[in-house]
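Worksheet for the structure shown next.
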Amino acid sequence: MSKIIDGKEYAQILNTNLKNSIEQLKAKRKPKLIIIQIGNNLASNKYIKNKLKACQKVGIIGELKKFDENISEKNLKKEIEKINKDLLVDGLIVQLPLPSHIDEKEITNFISPLKDVDGFNALTLGNIMLNNSKIYPATPLGILKLLEWKNIDLSGKNVVIIGRSNIVGKPLTNMLINKSATVTTCNTKTKKIEEVCKKADILISAAGAANLVTKKFVNKNMIVIDVGANFLNGKYSGDVKFDEVSKIVKYITPVPGGVGPMTIACLLQNTFILYKEKENIS
Ligand code: GUN
């Protein structure tokens, strides 16, 4: 039995199913996703390219609206407002990070909750906490789907997350609590982090620090989910020292080919959910 959890394989299955669902609708219009990019961040360029390519594959209209690095917050809000009101748009992403003169919280909260395909809006996050949301942020959702795919039950499990970001750590903590897991969310101030992690049934690293998770963090029954997407020496690598950790643990996600493709697949799923809500399709 392979110990690799192949996110690429499962993402392809989900994308094929979604493509079929969209085709079968024979609807008047296709789902539409708009991505706003400010400036020319190199990592963002790559992520956006992947998102648009994935949209095309499943039959979602993906459109990029790129603005100058110096756009004011006021003008950006005007652009968002136009999209919020556009009846032909189902989902809106404002790609992060934003330039420092723009308040990220202000902007994510300005996106209509009805088009909040990222699930970063305060209202969406509140509903996630209350286990009452239609939309879940794509990376945490992708992780839960991967675990479900491998028949890994979360109830009563000891899950340790490294990282408390608004995008991954915080929503994921709440989503796991709602699945009856016992969750510990670590941050850079956590004491004896290796010992804390070593006790986990499931270790999820979303720290954004290459090679952080070594053999000292893991045990032989552990499931390791690597959310890291770091560029190290011109190579794409996760947070986990894959070569040494994979020899010890029960299951592990690779980078690339683990959580990354699942994030994109879940983003497409979210776009379809918002489209169906809008069009009153069950
Ligand atoms: N930057 C890095 N990941 C993401 C994401 O999932 N959504 C947005 N909007 N920006 C990001």
Side-chain angles (χ1 to χ4, degrees), residues 7 11 14 32-55 60 62-67 69 71 73 76-77 79-80 83-84 89-100 102-125 128 133 135-146 163-172 175 204-210 225-231 236-239 255-256 258-271 273-274:
L14 291 174
K32 183 170 178 180
L33 174 69
I34 290 190
I35 305 176
I36 288 182
Q37 182 182 13
I38 313 297
N40 200 31
N41 179 297
L42 289 183
S44 293
N45 285 346
K46 185 165 171 273
Y47 294 146
I48 290 170
K49 198 173 139 204
N50 289 342
K51 288 175 189 175
L52 292 173
K53 209 165 109 189
C55 281
I60 290 174
E63 189 181 310
L64 173 63
K65 282 186 185 287
K66 206 165 175 172
F67 297 101
E69 176 87 34
I71 189 172
E73 192 173 299
L76 176 57
K77 278 181 158 177
E79 296 294 337
I80 293 173
I83 298 167
N84 280 345
V89 179
D90 303 288
L92 170 60
I93 290 172
V94 176
Q95 189 70 24
L96 306 177
L98 294 172
S100 55
I102 298 177
D103 183 342
E104 201 169 288
K105 283 200 186 85
E106 188 71 27
I107 293 302
T108 48
N109 282 332
F110 200 71
I111 297 171
S112 162
L114 302 175
K115 300 192 181 186
D116 181 25
V117 73
D118 265 328
F120 296 167
N121 190 294
L123 185 70
T124 314
L125 288 169
I128 287 165
S133 185
I135 293 297
Y136 294 88
T139 301
L141 181 61
I143 293 167
L144 292 201
K145 279 187 188 284
L146 272 185
R164 56 170 159 183
S165 70
N166 294 334
I167 295 182
V168 184
K170 283 182 199 163
L172 183 57
M175 289 158 73
I204 302 171
S205 185
I225 307 289
D226 190 351
V227 188
N230 314 296
F231 283 100
Y236 189 50
S237 85
D239 288 351
V255 177
V259 174
M262 288 299 296
T263 295
I264 295 196
C266 289
L267 185 70
L268 303 175
Q269 302 270 331
N270 279 350
T271 308
I273 289 169
L274 293 177

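Atoms within each ligand, like the ligands themselves, are counted from 1 in listed order.
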query = With a cut-off of under 6.0 Å to the ring centre and 45° to the axis, is Lys46 in cation-pi contact with Phe231?
reply = no
request  = Give me the one residue out of Leu267, Asp118, Val227 that meets side chain to side chain contact (heavy atoms under 4.5 Å, CB included) with Thr139.
outcome  = Val227
Minimum heavy-atom distance between Gly7 and Pro261, given as atom pair plus value = O-CB, 4.1 Å
message = Whether the side chain of Asp116 engages the backbone of Phe120 through a donor-acceptor N/O pair (distance < 3.5 Å, no angle test) should be reported.
response = yes
key: Heavy atoms of other groups near Lys66 NZ, more than 12 under 6.0 Å   = yes
task = Please name all residues satisfying salt bridge (Lys or Arg N to Asp or Glu O under 4.0 Å) with Lys65, sequence neighbours left out, ordered by chain then number.
result = Glu63
inquiry  = Taking non-hydrogen atoms within less than 4.0 Å of ligand 1, which protein residues qualify?
reply    = Lys51, Ile93, Val94, Gln95, Leu96, Asp118, Phe120
